[in-house]
Amino acid sequence: MKGTVLIRPKAGILDPQGEAVRDSLAKLGFAVARVRVGRLVEVEVESDDPAEARAALERMAAELLANPLIESFTVEVEAER
């Protein structure tokens with residue numbers, strides 16, 4: 001079962017990559033007030049149960065994919081869409 005984990009910096013945490021993207025967009029003439037850069041991780045979980053796949057993805061995110069001190073994450077399972 002395919003799932004995605006979207007990881008973002010928590011509110012109030014500095015995001016130097018987002019600031020660099022915002023500055024570059026401004027140099028290109030785009031009026032952008034704020035950019036936050038995160039990452040998307042796609043995972044194929046070996047399960048046919050959406051709830052089990054979600055639980056596995058949440059555990060992966062909490063234990064490895066995200067740094068819970070500075071990042072938040074959301075999980076989506078393809079079968080639940």
Side-chain angles (χ1 to χ4, degrees):
M1 185 159 295
K2 191 173 180 178
T4 57
V5 181
L6 177 59
I7 302 161
R8 299 181 181 127
K10 286 184 175 177
I13 298 293
L14 286 179
D15 181 8
Q17 191 175 5
E19 291 176 19
V21 170
R22 183 201 60 209
D23 292 347
S24 294
L25 289 171
K27 288 177 184 169
L28 292 172
F30 293 100
V32 178
R34 185 174 174 222
V35 175
R36 301 290 280 176
V37 174
R39 61 188 184 281
L40 179 71
V41 180
E42 293 182 344
V43 180
E44 281 202 40
V45 179
E46 293 183 5
S47 173
D48 294 328
D49 180 1
E52 182 180 288
R54 170 176 288 284
L57 288 166
E58 288 175 347
R59 188 169 162 222
M60 290 177 206
E63 293 183 10
L64 178 71
L65 301 175
N67 179 344
L69 296 176
I70 60 171
E71 297 173 316
S72 61
F73 63 85
T74 56
V75 170
E76 287 190 17
V77 175
E78 194 169 87
E80 296 176 342
R81 293 181 196 161

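In this structure the side chain of R59 never reaches within 4.5 angstrom of the side chain of R54, judged on heavy atoms. For the pair K10 and I70, the minimum side-chain heavy-atom distance is 4.5 Å or more. Looking only at side-chain heavy atoms (C-beta outward), L40 and V5 stay at 4.5 Å or farther from each other. At a threshold of 4.5 Å between non-hydrogen side-chain atoms, the residues L57 and V77 count as touching. Taking the side chain as every heavy atom from C-beta outward, I13 and D15 never approach each other to under 4.5 Å.
Residue V41 is grouped with residue M60 when hydrophobic side chains (ILVMFWY) are merged at heavy-atom distances under 4.5 angstrom, including chains of intermediate members. When the side chains of ILVMFWY residues are joined at heavy-atom separations under 4.5 Å, either directly or via intervening members, I7 and L69 end up in two distinct hydrophobic clusters.
Of all non-hydrogen atoms in S47 and A53, the two that sit nearest each other are OG-N, 4.2 Å. The shortest heavy-atom contact between E71 and L65 is OE1-O, 4.4 Å. Contact detail for F73 and A66: the closest heavy-atom pair is CD2-CB, 4.0 Å. The minimum heavy-atom distance linking G38 with P9 is given by the pair CA-CD, 4.4 Å.
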CA sep, side-chain torsions, deciding dist, call: V21, V37, side-chain contact (heavy atoms from CB on, under 4.5 Å): CA-CA 8 Å; V21 170; V37 174; 4.1 Å; yes
side-chain contact (heavy atoms from CB on, under 4.5 Å) between E42 and K2, worked out: CA-CA 7 Å; E42 293 182 344; K2 191 173 180 178; 4.0 Å; yes
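With hydrogens and angles left out, the side-chain atoms of E76 and T4 include no donor and acceptor closer than 3.5 Å.
How far CZ of R22 is from CZ of R36: 11.0 Å, rounded to the nearest 0.5 Å. Within the model, atoms CE of M1 and CD of E46 stand 12.0 Å from one another, a figure rounded to the nearest 0.5 Å.
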